[in-house]
Amino acid sequence: MAKSGLGQDPQSTAAATVLKRAVELDSESRYPQALVCYQEGIDLLLQVLKGTKDNTKRCNLREKISKYMDRAENIKQHLEQEKEDGKYHKQIKIEENATGFSYESLFREYLNETVTEVWIEDPYIRHTHQLYNFLRFCELLIKRPCKVKTIHLLTSLDEGTEQVQQSRGLQEIEESLRSHGVLLEVRYSSSIHDREIRFNNGWMIKIGRGLDYFKKPQSRFSLGYCDFDLRPCHETTVDIFHKKHTKNI
């Protein structure tokens, strides 16, 4: 495991802080988070290297960068092997009132040109704001680099006065997706409880509150009404897995 000691050079302070955190995460076997910190720290060190003229310091920096790059590559290979073995697991805890967790921020790492089919299991795609949440997620899926052709939704049927609105809303979303060359298949279950999203590239995301983890905006003209990275969230947990194969719901 690499050590983070970088001396007291003010130019290296930011890199030292990030790499110290990387080493801590590494020692705790929190490899996905450690990899991110190693990569950020390496980028910072490369910036320091560009501004360093002293040959001895440049030589020391290159040596440190090489060691951190080797460790980052080892972790990357380890995570790739975990994916192959179906053992990969990353957990994100969203704190109460936290921001920065729009669908794009949360899912973009797992969406690429290999994603052509998506399975969504969420019992609460019923009320107006939940339908808008689902619509917003669908909008993300049809953007590049994704090449989504089919979206499967399993949800529960509203048994109250909003059943007509639910059916009508999902029908309109289905028609809109069809105009973009995407098929939406909707199924209902009265016994559904789990919340799960799967992509056919092997990624599986489980969110404790499903897609409905955003708080209601304070007003129609408050920050976060349009940009969901600025929208406060309810407390929830996101568990991310990777499986070789994605089965149908």
Side-chain angles (χ1 to χ4, degrees), residues 31-33 35-36 39 75-94 100-125 130-155 169-189 192 194-214 227-229 231 233 236-249:
Y31 298 125
Q33 298 93 323
L35 179 59
V36 171
Q39 292 170 334
I75 291 177
K76 187 175 181 180
Q77 291 177 5
H78 173 74
L79 293 176
E80 288 296 329
Q81 188 60 51
E82 283 193 331
K83 291 179 188 177
E84 287 296 315
D85 297 340
K87 298 178 181 178
Y88 181 92
H89 178 214
K90 175 182 178 181
Q91 186 175 83
I92 300 171
K93 292 184 178 180
I94 300 178
F101 292 97
S102 67
Y103 296 147
E104 184 172 1
S105 296
L106 193 60
F107 291 102
R108 64 186 170 191
E109 180 180 348
Y110 314 104
L111 295 172
N112 54 39
E113 65 279 358
T114 66
V115 179
T116 59
E117 195 166 8
V118 180
W119 292 262
I120 302 152
E121 189 171 339
D122 191 326
Y124 296 105
I125 310 294
Q130 294 167 343
L131 289 166
Y132 276 122
N133 286 340
F134 178 64
L135 174 60
R136 191 170 290 106
F137 183 67
C138 289
E139 289 174 339
L140 173 64
L141 294 177
I142 68 168
K143 292 180 181 178
R144 291 184 178 183
C146 298
K147 298 180 180 179
V148 173
K149 295 299 180 183
T150 307
I151 299 173
H152 306 271
L153 172 64
L154 178 64
T155 188
L170 288 173
Q171 183 178 358
E172 290 182 14
I173 294 173
E174 180 182 351
E175 292 171 354
S176 182
L177 285 168
R178 189 183 303 121
S179 69
H180 286 79
V182 179
L183 173 66
L184 172 63
E185 294 184 346
V186 181
R187 294 171 52 205
Y188 298 98
S189 171
I192 178 177
D194 293 339
R195 297 161 177 84
E196 181 177 293
I197 296 172
R198 299 198 303 276
F199 305 129
N200 68 318
N201 61 356
W203 289 109
M204 177 171 63
I205 295 93
K206 295 187 176 184
I207 308 175
R209 296 182 62 95
L211 292 173
D212 191 11
Y213 59 86
F214 297 108
D227 187 342
F228 274 59
D229 268 322
R231 179 77 68 88
C233 299
T236 193
T237 300
V238 182
D239 287 286
I240 301 160
F241 304 89
H242 189 275
K243 303 291 184 182
K244 280 188 176 181
H245 305 287
T246 306
K247 64 182 180 179
N248 291 329
I249 291 176

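- In terms of heavy-atom proximity, Q91 sits nearest to D239 at NE2-OD1, 2.9 Å.
- Counting heavy atoms from C-beta on, the side chains of R195 and Y124 come closer than 4.5 Å.
- The two residues I192 and D122 come nearest to each other via the heavy atoms CD1-N, 3.8 Å.
- Expressed to the nearest 0.5 Å, how far OH of Y31 lies from CG of L79 amounts to 9.0 Å.
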*asked:* salt bridge (charged side-chain N to carboxylate O under 4.0 Å, His left out) for E174 and R178? Distances and angles first, verdict last.
replied: CA-CA 6 Å; E174 180 182 351; R178 189 183 303 121; 3.3 Å; yes

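- V186 is not listed as a side-chain neighbour of I125, based on a closest heavy-atom distance of 4.5 Å or more.
- Atom-to-atom distance recorded for L153:CG and E185:CD is 10.5 Å, nearest 0.5 angstrom.
- The number of heavy atoms from other shown groups lying within 6.0 Å of NE2 (H78) is above 12.
- K143 is linked by a salt bridge (charged side-chain N to carboxylate O under 4.0 Å, His left out) to nothing, counting only residues two or more places apart in sequence or in another chain.
- By the 4.5 Å heavy-atom criterion applied to side chains, N200 and V115 are counted as neighbours.
- Note that CG of D212 and OG1 of T236 are 10.0 Å apart. Values are rounded to the nearest 0.5 Å.
- Heavy atoms from other residues, nucleotides or ligands lying under 6.0 Å from NZ of K90 number more than 12.
- To the nearest 0.5 Å, atoms CD1 (I142) and OG (S176) are separated by 7.0 Å.
- Residues passing the salt bridge (charged side-chain N to carboxylate O under 4.0 Å, His left out) test with E113, sequence neighbours excluded: none.
- Centroid-to-centroid, the aromatic rings of Y213 and F101 stay 6.0 Å apart or farther.
- Here the NZ atom belonging to K147 is positioned 9.5 Å from the OG1 atom belonging to T114, to the nearest 0.5 angstrom.
- Using a 4.5 Å cut-off on side-chain heavy atoms (C-beta onward), L140 and E104 make contact.
- Between I151 and F137, the closest side-chain pair of non-hydrogen atoms is not below 4.5 Å.
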Y103 vs N133, test: side chain to side chain contact (heavy atoms under 4.5 Å, CB included). Steps then yes/no.
CA-CA 9 Å; Y103 296 147; N133 286 340; 3.3 Å; yes

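- Of all heavy-atom pairs between S105 and G100, the closest is CB-O, 3.6 Å.
- With contacts defined as side-chain heavy-atom distances shorter than 4.5 Å, the pair L177/L141 does not qualify.
- Looking only at side-chain heavy atoms (C-beta outward), L131 and L170 come within less than 4.5 Å of each other.
- The shortest distance between side-chain heavy atoms of E117 and H152 falls below 4.5 Å.
- In the displayed structure, Y188 atom OH is contacted under 6.0 Å by more than 12 heavy atoms of other residues, nucleotides or ligands.
- Shown here are the salt bridge (charged side-chain N to carboxylate O under 4.0 Å, His left out) partners of E82, two or more places apart in sequence or in another chain: there are none.
- Here the rule is ring-ring contact (aromatic ring centres under 6.0 Å, His included) with W203, and of Y110, F107, W119 only Y110 fits it.
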Give the C-alpha distance, both sets of side-chain angles, the deciding distance and a yes or no for salt bridge (charged side-chain N to carboxylate O under 4.0 Å, His left out) between R198 and E196. CA-CA 7 Å; R198 299 198 303 276; E196 181 177 293; 2.2 Å; yes

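- Closest non-hydrogen pair, C146 versus L111, comes out as SG-CB, 3.5 Å.
- Distance CD1/I205 to CD1/I92: 9.0 Å, rounded to 0.5 Å.
- Taking each heavy atom of I120 and F134 in turn, the nearest pair found is CD1-CE1, 3.6 Å.
- Taking every heavy atom of both residues into account, I173 and C138 meet most closely at CG2-SG, 4.4 Å.
- The aromatic rings of F241 and H89 lie parallel to each other, with less than 30° between the two planes, well short of the 60° mark.
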